[in-house]
Amino acid sequence: MNDGTITLPWLVIRQDDNGNRYRVGRYATRAEAQKIADSLDDRGHKQLYWVERIGQNGQAGPSGPHGTSTVN
């Protein structure tokens with residue numbers, strides 16, 4: 001990674017009524033990502049929103065709804 005590269009390891013994921021998952025956005029901190037997930041969740045739609053961290057291999061780690069990520 002270059003010194004000028006910004007790392008955005010935190011994802012907000014949305015799951016719709018049909019079980020389809022979509023990346024909503026990438027964020028620098030878990031707190032920032034959680035704030036977005038919470039604000040979207042507060043809208044009262046049926047979709048689930050949660051936060052996942054991207055691992056060193058570029059893959060999102062296992063997690064559950066509402067920010068219950070098991071990845072540190």
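Just so it is clear, the model here is predicted, and its values are computed rather than measured. Computed from heavy atoms alone, side chains included, the values below leave out hydrogens, waters and symmetry copies.
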So which atom in [X] and which in [Y] form the shortest heavy-atom distance, rounded to 0.1 Å?
X: L40; Y: V24; result: CD1-CG1, 3.9 Å
X: Y49; Y: A37; result: CB-O, 3.9 Å
X: A28; Y: W10; result: O-CD1, 3.5 Å
X: R23; Y: I13; result: CA-CD1, 4.1 Å

Between atom [atom1] of [X] and atom [atom2] of [Y], what is the distance when rounded to the nearest 0.5 Å?
X: E52; Y: R30; atom1: CD; atom2: CZ; result: 10.5 Å
X: R14; Y: I36; atom1: CZ; atom2: CD1; result: 15.0 Å
X: L8; Y: E32; atom1: CG; atom2: CD; result: 8.0 Å

Under 3.5 Å: donor-acceptor pair, side chain of D16, backbone of N18: yes

Residues in side-chain hydrogen bond (donor to acceptor under 3.5 Å, both in side chains) contact with D17, at least two apart in sequence or another chain: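 D17: no side-chain hydrogen bond (donor to acceptor under 3.5 Å, both in side chains) contacts found.
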
Any residue meeting side-chain hydrogen bond (donor to acceptor under 3.5 Å, both in side chains) with Q15, in chain and number order, not counting sequence neighbours: R21

With sequence neighbours excluded, residues passing side chain to side chain contact (heavy atoms under 4.5 Å, CB included) with D42: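 Testing D42 for side chain to side chain contact (heavy atoms under 4.5 Å, CB included), a comparison that skips the adjacent residues, returns none.
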
Partner residues of S39 under the side chain to side chain contact (heavy atoms under 4.5 Å, CB included) criterion, sequence neighbours left out: none

